[in-house]
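Reviewing the structure listed below.
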Amino acid sequence: MMASHKRILVTGGTGLVGQGIRAVVEQDPRADEEFVFLSSKDADLTDRASTKAVFEKHQPTHVIHLAAKVGGLYGNMKANLQFFRINTAINDNVLSIAQETGVRKVVSCLSTCIFPDKTTYPIDESMIHNGPPHDSNYGYSYAKRMIDVMNKGFNQQHGTEFTAVVPTNVFGPHDNFNLEEGHVMPGLIHKVYKCKENKTPFIVWGTGSARRQFIYSKDLGRLFLWVLREYKETEPIILSVSEEDEISIKEAAEFVAKGFDFDGEFQYDRTRSDGQFKKTASNAKLRKYLPDFQFTPMEQAIRETCEWFTANYSTARI
Ligand SMILES: NC(=O)c1ccc[n+]([C@@H]2O[C@H](COP(=O)([O-])OP(=O)(O)OC[C@H]3O[C@@H](n4cnc5c(N)ncnc54)[C@H](OP(=O)(O)O)[C@@H]3O)[C@@H](O)[C@H]2O)c1
C-alpha cells in the first residue's frame with residue numbers, strides 16, 4: 001500500500017452519522033482513500049477479541065469511531081448504568097486496539113450533551129470537564145468525556161494523532177425514529193408521519209420552549225472528512241451551526257409539519273420533561289478554520305429527511 005493511501009475504518013458505520021459520512025464519500029470519492037463501514041454484525045466492539053479481529057481483518061491506517069449506545073432523553077434516564085458501561089467498554093477497546101495495531105489517526109465522536117449542566121453560554125471546547133453533566137444522561141456523558149482523557153494519554157505516551165469532534169443534535173436519513181428511545185427530531189418526524197396518516201393532532205412532548213442547535217447528517221459528514229484529512233489538534237472541535245441558528249423545539253416541530261405539508265392541530269404535552277433548557281455551543285473554533293462552510297438550510301434538510309422517512313418507512317428504525 002502507498003504511504004499516502006488511507007484505509008479508513010468507520011465504526012458505527014451503519015448509523016445516522018456513519019451514513020451521513022458515507023453519502024458524502026460516495027458523492028465525492030478520492031483515489032487515495034478507501035472506506036470500510038462497520039455495523040455491530042461485523043464486530044461486537046464491547047468485546048475485546050471481536051474488536052481485535054475486525055482490526056486485524058481490515059488493517060486500517062485511520063479510524064472514524066462512531067459506534068456507541070446512543071439514545072434520547074427518555075432512553076438515557078432509564079439506563080444510565082448501561083450507557084456508561086457499554087460505551088466505556090467500546091471506547092477502551094477501539095482506542096487501545098487502534099494504537100496497538102499502528103493506526104495513525106482516530107477521530108472519535110463526543111456530543112454537546114456531555115457538557116456541564118451548570119455552565120455559562122455559549123459552551124466551548126475548553127469546558128468539557130468543568131462540572132457534572134445533566135443528571136438525565138450522566139452515564140453516557142462520563143463515558144464520552146473519558147475519550148478526551150484517552151486521546152490526550154495516547155498522544156502523549158504513544159505519539160498517535162487521536163482527536164474528537166463534538167456535534168450538536170444530529171438528524172437525517174437512517175436515524176433512530178423510535179418514539180421512546182430516539183432523539184427529538186426523528187421523534188417529531190415519526191409523529192407527524194403518523195398524525196397525517198391517522199388524521200390525529202400532533203402532540204409535541206414538553207413545552208416546546210427548549211432550544212437546540214441541529215446539524216444535518218450530510219453537513220456533519222462533510223465536516224468529519226475535513227477533520228480526518230486536515231485537523232491536527234488533540235483537543236476536540238465543536239461541529240455546529242452558529243449560535244443564531246439555535247431553534248426552539250416548537251420551531252423544529254413547525255419545520256417538520258411543513259416538511260410533511262401537515263396542517264392539522266398541534267398540542268404540547270407539558271407532563272413530559274423538556275430536558276436541559278438549552279446547551280448553546282460556540283462554533284467559533286470551526287469558523288476560524290472554515291469561515292466559508294455553508295450549512296444546508298434547516299427547512300431543506302428537514303424536508304429531505306421527512307421525504308427519506310416516507311420513502312423508507314418499511315425498513316427505517318422505528
Ligand atoms: N445522534 C446524535 O444526535 C448525536 C449527537 C452527538 C454525537 N453523536 C455521536 O455520534 C456517534 C454516532 O451516533 P449515531 O446517532 O449515528 O448512532 P446510531 O444511529 O444509533 O448508530 C450507532 C452505530 O453504532 C453501532 N453499534 C452500537 N453498538 C455497537 C457495538 N456494541 N458494537 C459495534 N457497533 C455498535 C451500530 O451498529 P448497528 O447498526 O449494527 O446497530 C450503529 O452503526 C455516537 O458516538 C454518538 O454518541 C450523535
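Counting starts at 1 for both ligands and their atoms, following the listed order.
Geometrically, K196 does not engage F260 in a cation-pi contact defined by less than 6.0 Å to the ring centre and at most 45° from the axis. For the pair R145 and Y142, the cation-pi criterion (under 6.0 Å, within 45° of the ring axis) is fulfilled.
Around ligand 1, the residues contributing at least one heavy atom under 4.0 Å from the ligand are G12, G13, T14, G15, L16, V17, S39, S40, A43, D44, L45, T46, L66, A67, A68, V70, I90, C109, L110, S111, Y140, K144, P167, T168, N169, V170, H183, R317.
Ion pairing of K285 with E235 is absent here, as no side-chain N (NZ or NE/NH1/NH2) approaches a carboxylate O to less than 4.0 Å. Between K258 and E254, no side-chain nitrogen of the basic residue sits less than 4.0 Å from a carboxylate oxygen of the acidic one, so the salt-bridge criterion is not met.
Atom CD of residue E243 and atom CG of residue N283 lie 7.0 Å apart, to the nearest 0.5 angstrom.
Checked by atom type and distance alone, the side chain of D124 never pairs as donor or acceptor with a backbone atom of S282 at under 3.5 Å.
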